[in-house]
Amino acid sequence: MKAYRDTWERGMDSYLQWFYETVVLLRELLAENGSIYVHLDYHIGHYAKAVWDEVFGQDNFKNEIVWKRSLPHNDPKKFGSIHDVIFFYVKTENYVFNQMFTGLSEEYKESHYTQVDEQGRRYQLSSLSASGSGPARKFGDKVLTPPKGTHWRYSQEKIDELMKQGRIVFTSGKTPRYVRYMDEMQGPAVQSIWTDVLPVNSQAIERVDYATQKPEALLERIIRASSNENDLVLDCFVGSGTTAVVAEKLNRRWIACDLSRFAIHTTRKRLLSIENVRPFVVQNLGKYERQHWQAAEFGNDAEARIQNYRQLILELFQARALAGYTWLHGIKGGRMVHVGAVDSPVSVGDVSNIVTEFKRAIGTGADAPTTNGVDVLGWDFAFELNEVAVQQAARANVNLRFLRIPRDVMDKRVPREEIHFFELAALSVKVKTSKRTVTLTLTDFVIPPDDVPQDVQRAIKHWSQWIDYWAIDWDNQGDAFHNEWQAYRTRKHNQLQLSVAHEYAAPGEYTIVVKVIDILGNDTTKTMKVKVG
């Protein structure tokens, strides 16, 4: 609900303004021979089509596809709503389109393909004539005139070829017939009403319990029709990940985007379940959004922009701003407060500077700390921060808390009482080494209770239930996290593997990074160094 606050704030007007801006951008991104499919329900479809016609042009509108998405149901006040609409637009007339076919129904196969040849292939005998007059043709050593008012469908060269292949036989009435094999038939071409694509039901193997999940068959038809292998497919509202999953299976390149962390995590798990899935990258582009927001909100003067940004975060955190410090920006309840930068994660080096300045500030005036606590607010945090930095600060008798700045602070429409800063989770991992083998075992995982709805807290009986997915980079080089091993829950396998062993090819010292995704979609990471012989 919060994710769509900006698009629906003023009802249909604000939605269509957002929609127009989105469509303009998507047209710019679309290849010259590309197509775009827009899935909408009956509440908004006709408003949206007017926007598409304006941006893409009416001549580039190819189809209104009606997808029967549910079984019939009774509604005593109106006709049952059982379909959605998919609009199909292109950028130019030079667009990719591969005709799709529905295949033959089982009933049709049984009624029309009743004969079987020596190889076991089912076939039917079809007429070789069609309406309209035409000349006689030679069938082997026979010259035959077509029935009155008809002509032979094929040229003499084609008939000679079919005779050699044994694809023309003669009935008892000495009429030539064409052998049409069932396994060569694609069935009728797909039309604009799709009744053969069933929704994802409760028993479906592909079901991931995501509210807006689309069936893979729906996306397979669209992707096959409008792209070829190695083409690039974009879904900028990927939801449960069906587009990316189908594109991967069909050997297309793909880009999938979503505002929701849960959507991205669901998509990642589905992709990892594909056999021989190609490597892919999960990127968080949040800092670019934050940089744009900071510049738009606080102006171009660098110093004023930073000061005003910190002031806003402190107000939302209900802390009082301080002057005269470099790393300590505010105070709340006797605890000092640091506000992390918009465009970089809080690092261990930052924490060292915070602790050093905190120690110097003790007993130095009216704004001196009255407790040994510091709250560090940040958008992102370095991998090892929550473990290494807390230990480092504890040695200096400083109590650190790390709290994440929520994305909601960038949205003026969010009431201030709805903005909450949540502590980072804590992960415990046991490390065991034996020669060149390292075994990692998760031993505890703690989520601050303020971040968790009450009904979820009551359902958790063991700490491992907080974890939905975890992955390991066995030899991190200080760059991006490399997903070299992972375990995760599925509907079929709900028990999570908590221990894994890895054998290194050579002795030495290695940096291991463990990443955990909890059931709320949050990331927690832990870094360890191991030495193997």
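Keep in mind that what you see is a predicted model, and the values were worked out from it rather than measured.
- For the pair V337/H329, no side-chain contact is recorded, criterion being any heavy-atom separation below 4.5 Å from C-beta on.
- The OG atom of S226 lies 10.0 Å from the CG atom of N33; values are rounded to the nearest 0.5 Å.
- Between W379 and Y309, the angle of the ring planes stays under 30°, which puts this pair in the parallel group of the 30/60° scheme.
- Between the E248 side chain and the R278 main chain, a donor and an acceptor come within less than 3.5 Å of each other.
- S428 contributes no side-chain N or O that, together with a main-chain N or O of T443, makes up a donor-acceptor pair within less than 3.5 Å.
- When all heavy atoms of C257 and I264 are compared, the pair lying nearest together is C-CD1, 4.3 Å.
- The shortest distance between side-chain heavy atoms of L40 and V85 does not fall below 4.5 Å.
- Sorted pairs that involve residues 499-513 and meet salt bridge (charged side-chain N to carboxylate O under 4.0 Å, His left out), not counting sequence neighbours, are lacking altogether.
- In this pair, W52 and F19 present their aromatic rings perpendicular. The plane angle is above 60°, beyond the 30 to 60° band.
- Among residues two or more places apart in sequence or in another chain, the side-chain hydrogen bond (donor to acceptor under 3.5 Å, both in side chains) test is passed with E93 by K62.
- Qualifying salt bridge (Lys or Arg N to Asp or Glu O under 4.0 Å) partners for K432, counting only residues two or more places apart in sequence or in other chains: none.
- The aromatic rings of W485 and W470 stand perpendicular to each other, their planes meeting at an angle above 60°, with 30° marking the opposite boundary.
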Just list the side-chain donor-acceptor pairs under 3.5 Å for residues 236-244, sequence neighbours left out, or say none.
| unit_1 | atom_1 | unit_2 | atom_2 | d |
| --- | --- | --- | --- | --- |
| S240 | OG | T242 | OG1 | 3.4 |
| S240 | OG | R270 | NH1 | 3.3 |
| T242 | OG1 | K214 | O | 3.0 |
| T242 | OG1 | R270 | NH1 | 3.0 |
| T243 | OG1 | D235 | OD2 | 2.7 |

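- Applying the ring pair (Phe, Tyr, Trp, His ring centres under 6.0 Å) rule to pairs touching residues 514-533 yields nothing, sequence neighbours excluded.
- Under the rule for a side-chain hydrogen bond (donor to acceptor under 3.5 Å, both in side chains), the partners of E32 that lie at least two apart in sequence or sit in another chain are K91.
- Between the side chain of Q191 and the main chain of A189, a donor-acceptor pair closer than 3.5 Å is present.
- The neighbour count for I193 CD1, taken as heavy atoms of other residues, nucleotides or ligands under 6.0 Å away, does not exceed 12.
- The distance from atom OH of Y488 to atom CD1 of I517, rounded to the nearest 0.5 Å, is 13.5 Å.
- Evaluation of the salt bridge (Lys or Arg N to Asp or Glu O under 4.0 Å) rule for E206 yields no partner, not counting sequence neighbours.
- Within a 6.0 Å sphere centred on CD of Q58, heavy atoms belonging to other residues, nucleotides or ligands number 12 at most.
- E423 contributes no side-chain N or O that, together with a main-chain N or O of R401, makes up a donor-acceptor pair within less than 3.5 Å.
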From CA spacing to verdict: side chain to side chain contact (heavy atoms under 4.5 Å, CB included), V409, L312: CA-CA 9 Å; V409 304; L312 173 64; 5.5 Å; no

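- Using a 4.5 Å cut-off on side-chain heavy atoms (C-beta onward), E418 and D408 make no contact.
- Legend: ring pair (Phe, Tyr, Trp, His ring centres under 6.0 Å) pairs involving residues 207-235, not counting sequence neighbours, sorted by first then second residue: Y210-F262.
- Classification of the Y15-W18 ring pair by plane angle, with boundaries at 30° and 60°, yields tilted.
- Distance alone, capped at 3.5 Å, is enough to place a donor-acceptor pair between the K461 side chain and the R458 backbone.
- The list of salt bridge (charged side-chain N to carboxylate O under 4.0 Å, His left out) pairs with a residue in residues 462-475, not counting sequence neighbours, reads K269-D468.
- The environment of CG in D59 is sparse: at most 12 heavy-atom neighbours from other residues, nucleotides or ligands sit within 6.0 Å.
- Considering only heavy atoms from C-beta on, E297 comes within 4.5 Å of K412 through its side chain.
- Two residues are said to be in side-chain contact when any heavy atoms from C-beta on lie closer than 4.5 Å; V351 and F402 meet this criterion.
- Pairing each heavy atom of G187 with each of T102, the nearest pair is C-OG1, 4.5 Å.
- Evaluation of the side chain to side chain contact (heavy atoms under 4.5 Å, CB included) rule for H462 yields S464, Q465 as partners, not counting sequence neighbours.
- Atoms CG and CZ, on L232 and R253 in that order, are 5.0 Å from each other to the nearest 0.5 Å.
- The distance from the OG atom of S227 to the CD1 atom of I222 is 10.5 Å, given to the nearest 0.5 Å.
- Heavy-atom contacts from other residues, nucleotides or ligands closer than 6.0 Å to CG of D183 number more than 12.
- Using cut-offs of 30° and 60° on the angle between ring planes, the pair W254 and F280 is tilted.
- Note that CG of D523 and CG of L424 are 11.0 Å apart. Values are rounded to the nearest 0.5 Å.
- The salt bridge (charged side-chain N to carboxylate O under 4.0 Å, His left out) contacts involving residues 222-233 comprise E220-R224, where partners must be two or more places apart or lie in separate chains.
- The side-chain heavy atoms of F56 and L26, taken from C-beta on, include no pair separated by under 4.5 Å.
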Could you go through the side chain to side chain contact (heavy atoms under 4.5 Å, CB included) check for V516 and W466 one step at a time? CA-CA 10 Å; V516 165; W466 291 117; over 6 Å; no

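- In terms of heavy-atom proximity, L30 sits nearest to S35 at CD1-O, 3.4 Å.
- Around OH of Y47, the count of heavy atoms belonging to other residues, nucleotides or ligands within 6.0 Å does not exceed 12.
- The minimum heavy-atom distance between V208 and Q213, with the atom names listed, is N-OE1, 3.0 Å.
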Audit row: Y20, E54, side chain to side chain contact (heavy atoms under 4.5 Å, CB included) steps and yes/no: CA-CA 9 Å; Y20 175 81; E54 179 179 348; 3.9 Å; yes

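- Annotation: ring pair (Phe, Tyr, Trp, His ring centres under 6.0 Å) contacts involving residues 510-533, sequence neighbours excluded, comprise Y504-Y510.
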Candidate pair E216 and K249, rule salt bridge (Lys or Arg N to Asp or Glu O under 4.0 Å), full reasoning: CA-CA 10 Å; E216 291 188 17; K249 291 179 178 179; 3.0 Å; yes

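- At distances below 3.5 Å, not a single donor-acceptor pair connects side-chain atoms of W194 with backbone N or O atoms of I65.
- Ring geometry for F88 against Y95 counts as perpendicular: the plane angle is over 60°, on a 0 to 90° scale with 30° as the lower cut.
- Contact check for L440 versus V431: side-chain heavy atoms found under the 4.5 Å cut-off.
- Separation of atoms CD (Q294) and CZ (R305) is listed at 5.5 Å; rounding is to 0.5 Å.
- Taking the side chain as every heavy atom from C-beta outward, D375 and F421 never approach each other to under 4.5 Å.
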Could you go through I519 and I460, starting from their C-alpha distance and side-chain angles, then the distance that decides it, and tell me whether this counts as side chain to side chain contact (heavy atoms under 4.5 Å, CB included)? CA-CA 11 Å; I519 59 175; I460 299 297; 4.2 Å; yes

